[in-house]
> 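One structure is given below, represented as structure tokens, and several questions about it will come after.
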Amino acid sequence: MSGPSNVKESPLTDHRQLVEYLASGARPESEWTIGTEHEKFGFRLDDLRPPTWDGPQGIEAMLRGLTRFGWQPYEEKGKLIALLKDGASVTLEPAGQLELSGAMLQDIHQTCRETNQHLREVKTVSEELGLGFLGMGFQPKWRREDMPWMPKGRYKIMREYMPKRGKLGLDMMTRTCTVQVNLDFASEADMVKKFRVSLALQPIATALFADSPFTEGKPNGYLSYRSHIWTDTDPDRTGMLDFVFEDGFSFERYVDYLLDVPMYFSYRDGEYIDLSGQSFRKFLRGELEALPGQLPTMKDWADHMTTAFPEVRLKKYLEMRGADGGPWNRLCALPAFWVGLLYDGEALDAAWDLVKDFTMEERHALRDGVPKHALKLPFRGATVRELALEALKIAGQGLARRNRVNKSGTTEAVFLEPLVEFALANETPAERKLALYHGAWNGSVDPVFREFAY
């Protein structure tokens with residue numbers, strides 16, 4: 001979910017404009033950037049409960065506190081809901097999960113510096129307020145009813161619509177956290193190749209980052225419960241997008257898909273208009289009952305694109321959406337993994353060779369099996385672990401060839417180390433937490449808030 005949009009307000013009359021909007025994202029390789037986003041759960045240090053929006057320990061106080069670091073406040077109807085600075089934003093997920101949407105940066109060294117700076121600022125303010133922050137894929141302790149709701153108009157509409165389409169949509173909104181990376185493409189053909197590779201390998205990222213084994217204080221039978229939640233959120237707007245692998249896939253084909261995704265809302269004159277379940281195609285013809293005769297603007301289209309939630313999402317860039325949230329070193333590892341695979345031509349070719357003969361059934365078996373079994377999921381006579389090790393090798397070589405070094409001459413490949421360690425040990429972060437739960441933690445998840453907080 002995204003922060004404030006700055007897309008211009010021109011009326012749309014033609015489907016071609018939507019295709020051109022996506023195509024306008026293409027940039028030469030010399031201008032490719034890396035945008036990293038991550039979400040984290042706030043909790044009160046005294047009782048571990050999630051902070052509400054208001055009050056002395058509230059999320060609003062947290063945002064106000066961060067303004068001392070030069071962040072500019074952004075309000076909706078007089079309520080502080082986001083912060084903006086230098087192309088980055090701090091925004092709120094529905095239950096107050098705090099999200100950094102990073103600036104478009106040149107390399108992973110910069111990404112990691114940005115992440116560290118943000119987490120330092122958050123720690124400074126949160127400690128004054130008696131709050132902590134935790135990176136995991138799913139809220140380990142509290143029930144859905146215990147989660148607060150943030151005062152954002154779009155979330156009210158989604159909250160009412162979600163239960164009509166799946167059992168777990170409200171859990172997705174209130175109890176999950178992710179880390180994502182947004183990456184560029186040079187052309188339509190480059191977009192298609194990157195989209196296919198990243199969709200086919202998204203379950204590998206899910207497995208390596210699996211860190212959501214607890215629900216309401218108990219093991220839930222999954223290693224990435226966050227990933228499982230997406231399978232019962234809303235079938236109209238989630239999934240593996242099989243059409244991406246069909247001959248002739250293009251910007252236009254993705255626009256056709258998005259036009260079939262039911263709408264949530266339109267933001268007009270400071271108000272969210274509830275359009276849940278309605279058709280953007282009808283909107284293009286000025287035939288929406290709620291907005292008679294009105295045509296969508298490019299901002300409506302940009303907003304609508306953010307309401308599809310496939311495993312990889314196309315905007316003017318590609319978003320990798322398969323990973324659970326985690327501690328700071330994994331927040332740098334995710335962009336490193338995907339940049340290594342997608343931003344080096346040789347690596348992209350090797351990654352495509354790895355996945356090009358996967359059948360649709362195999363891609364779905366990976367997607368559906370990884371939330372429970374992660375690296376140990378059987379695949380083609382071996383397991384996902386072997387796939388992960390091969391993908392990590394390709395990514396490491398890609399980063400080495402990119403040769404973006406820090407002051408001590410180290411390439412970006414150093415940021416893959418936590419993932420390589422998980423794959424070699426054949427043990428995910430979730431499995432390590434489960435071992436602690438059954439051992440040193442004596443069947444309690446409470447220690448996770450101490451031992452794994454930022």
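Values below: every heavy atom of this structure, side chains too, minus hydrogens, waters and symmetry copies. In this chain, residues are counted from 1 in sequence order.
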> Looking at residues at least two apart in the chain, or sitting in another chain, which of them share a disulfide (SG to SG under 2.5 Å) with Cys112?
Cys332
> Could you pull out all residues at least two apart from Lys123 that satisfy side chain to side chain donor-acceptor pair (under 3.5 Å)?
Glu127
> Can you confirm whether Lys167 is buried at NZ, in the sense that more than 12 heavy atoms of other residues, nucleotides or ligands lie under 6.0 Å from that atom?
no
> Mind listing the side-chain donor-acceptor pairs of residues 445-454 below 3.5 Å, one per line with the distance, residues two or more places apart or on another chain?
| residue | atom | partner | partner atom | Å |
| --- | --- | --- | --- | --- |
| Asp446 | OD1 | Lys141 | NZ | 2.9 |
| Glu451 | OE1 | Trp441 | NE1 | 3.4 |
| Glu451 | OE2 | Trp441 | NE1 | 3.1 |
| Tyr454 | OH | Gly326 | O | 2.6 |

> Would Asp349 and Lys193 pass as an ion pair if we require N to O under 4.0 Å?
yes
> Would Asp184 and Glu31 satisfy side chain to side chain contact (heavy atoms under 4.5 Å, CB included), going step by step from the backbone distance to the final call?
CA-CA 9 Å; Asp184 290 312; Glu31 294 175 23; over 6 Å; no
> Going from OG1 on Thr52 to CE on Met150, what distance comes out if it is rounded to the nearest 0.5 angstrom?
7.0 Å
> Is there a side-chain contact between Leu92 and Leu63 in this structure, where contact means two heavy atoms from C-beta onward sitting under 4.5 Å apart?
yes
> Charged N to carboxylate O under 4.0 angstrom, Lys164 versus Asp234?
no
> Would you indicate whether Glu346, at its atom CD, is surrounded by more than 12 heavy atoms from other residues, nucleotides or ligands within a distance under 6.0 Å?
no
> Is there a donor-acceptor contact under 3.5 Å from the side chain of Asp260 to the main chain of Tyr257?
no
> Which pairs pass ring-ring contact (aromatic ring centres under 6.0 Å, His included) with one or both residues in residues 165-194, sequence neighbours excluded?
Phe185-Phe251
> Do Ser227 and Asp324 get their side chains close enough for a donor-acceptor pair, meaning under 3.5 Å?
no
> Can you tell me how far CD of Glu37 sits from OG of Ser101, rounded to the nearest 0.5 angstrom?
4.0 Å
> Tell me every residue that passes side chain to side chain contact (heavy atoms under 4.5 Å, CB included) with Ala95, counting only those two or more places apart in sequence or in another chain.
Gln97, Met147, Pro148, Thr174
> I'd like to check the side chain to side chain donor-acceptor pair (under 3.5 Å) partners of Lys393; sequence neighbours left out, ordered by chain and number.
none
> Can you tell me how the ring of Phe309 sits relative to the ring of Trp230, calling it parallel under 30°, perpendicular over 60° and tilted otherwise?
tilted
> I'd like to know if Glu128 and Arg68 make a salt bridge, using a cut-off of under 4.0 Å between side-chain N and carboxylate O.
yes
> What's the spacing between Glu427 CD and Phe422 CZ if we round to 0.5 Å?
9.0 Å
> What are the two closest non-hydrogen atoms of Glu412 and Asp107, and how far apart are they?
OE2-CB, 3.2 Å
> If you round to the nearest 0.5 Å, how far is CD1 of Ile157 from NZ of Lys152?
12.5 Å
> Please tell me if the side chains of His228 and Leu168 come closer than 4.5 Å, counting only heavy atoms from C-beta onward.
yes
> Are Asp171 and Arg144 ion-paired here, with the side-chain N under 4.0 Å from a carboxylate O?
yes
> Any ring-ring contact (aromatic ring centres under 6.0 Å, His included) involving residues 311-349? Give me the pairs, sequence neighbours left out, ordered by first then second residue.
Trp32-Tyr343
> On the 0 to 90° scale, with breaks at 30° and 60°, tag the Tyr437-Phe214 ring pair as parallel, tilted or perpendicular.
tilted
> Checking Asn403 now: which residues fulfil side chain to side chain contact (heavy atoms under 4.5 Å, CB included) with it, not counting sequence neighbours?
Val405, Thr411
> Identify the two heavy atoms, one from Leu208 and one from Pro429, that lie closest to each other, and give their separation to 0.1 Å.
O-CD, 3.6 Å
> If the threshold is 4.0 Å, N to carboxylate O, is there a salt bridge linking Arg175 and Glu216?
yes
> Arg237 and Thr307: which non-hydrogen atoms are nearest, and at how many Å?
NH1-O, 2.8 Å
> Between Leu119 and His38, does a side chain to side chain contact (heavy atoms under 4.5 Å, CB included) hold up when you go through it step by step?
CA-CA 11 Å; Leu119 291 175; His38 80 269; 3.9 Å; yes
> Counting only heavy atoms not in Asp269, do more than 12 sit closer than 6.0 Å to its CG atom?
no
> Enumerate the ring-ring contact (aromatic ring centres under 6.0 Å, His included) contacts for residues 134-154, please, sequence neighbours excluded, ordered by first and then second residue.
Phe138-Tyr225
> With rounding to the nearest 0.5 angstrom, report the OG1 to CG distance, Thr36 to Leu105.
7.0 Å
> Could you list all the side-chain hydrogen bond (donor to acceptor under 3.5 Å, both in side chains) pairs where at least one residue sits in residues 197-207, not counting sequence neighbours?
none
> Glu76 side chain to Ile81 main-chain N or O, any donor-acceptor pair under 3.5 Å?
no
> Who pairs with Glu121 by side chain to side chain donor-acceptor pair (under 3.5 Å), at least two apart in sequence or on another chain?
Trp71, Gln117
> Quick one: pull up NZ in Lys433 and CG in Leu223 and give me the separation to the nearest 0.5 Å.
11.5 Å
> With sequence neighbours excluded, give me every ring-ring contact (aromatic ring centres under 6.0 Å, His included) pair touching residues 82-110.
His109-Phe415
> Less than 4.0 Å between a side-chain N and a carboxylate O, is that true for Arg432 and Glu421?
yes
> Hey, what's the ring geometry for Tyr254 with Phe195, parallel, tilted or perpendicular (30° and 60° as the breaks)?
tilted
> Using the rule given for salt bridge (charged side-chain N to carboxylate O under 4.0 Å, His left out), can you reason through Asp303 versus Arg154, listing the C-alpha separation, both sets of side-chain angles and the distance that settles it, and then say yes or no?
CA-CA 10 Å; Asp303 283 343; Arg154 67 183 279 166; 5.0 Å; no
> Do Met263 and Leu288 have side-chain heavy atoms sitting under 4.5 Å apart?
yes
> How far apart are the closest heavy atoms of Cys177 and Arg226, and which atoms are they?
O-CD, 3.2 Å
> Is it the case that over 12 heavy atoms from other parts of the model lie below 6.0 angstrom from the NZ atom of Lys316?
yes
> Anything under 30° is parallel, anything over 60° is perpendicular, the rest tilted; go ahead and classify Phe283 against Phe280.
perpendicular
> Could you walk me through whether Glu75 and Arg64 pass the salt bridge (charged side-chain N to carboxylate O under 4.0 Å, His left out) check?
CA-CA 11 Å; Glu75 296 187 346; Arg64 289 243 178 261; 3.6 Å; yes
> Does one side chain, of Gln294 or Arg268, offer a donor that lies under 3.5 Å from an acceptor on the other?
yes
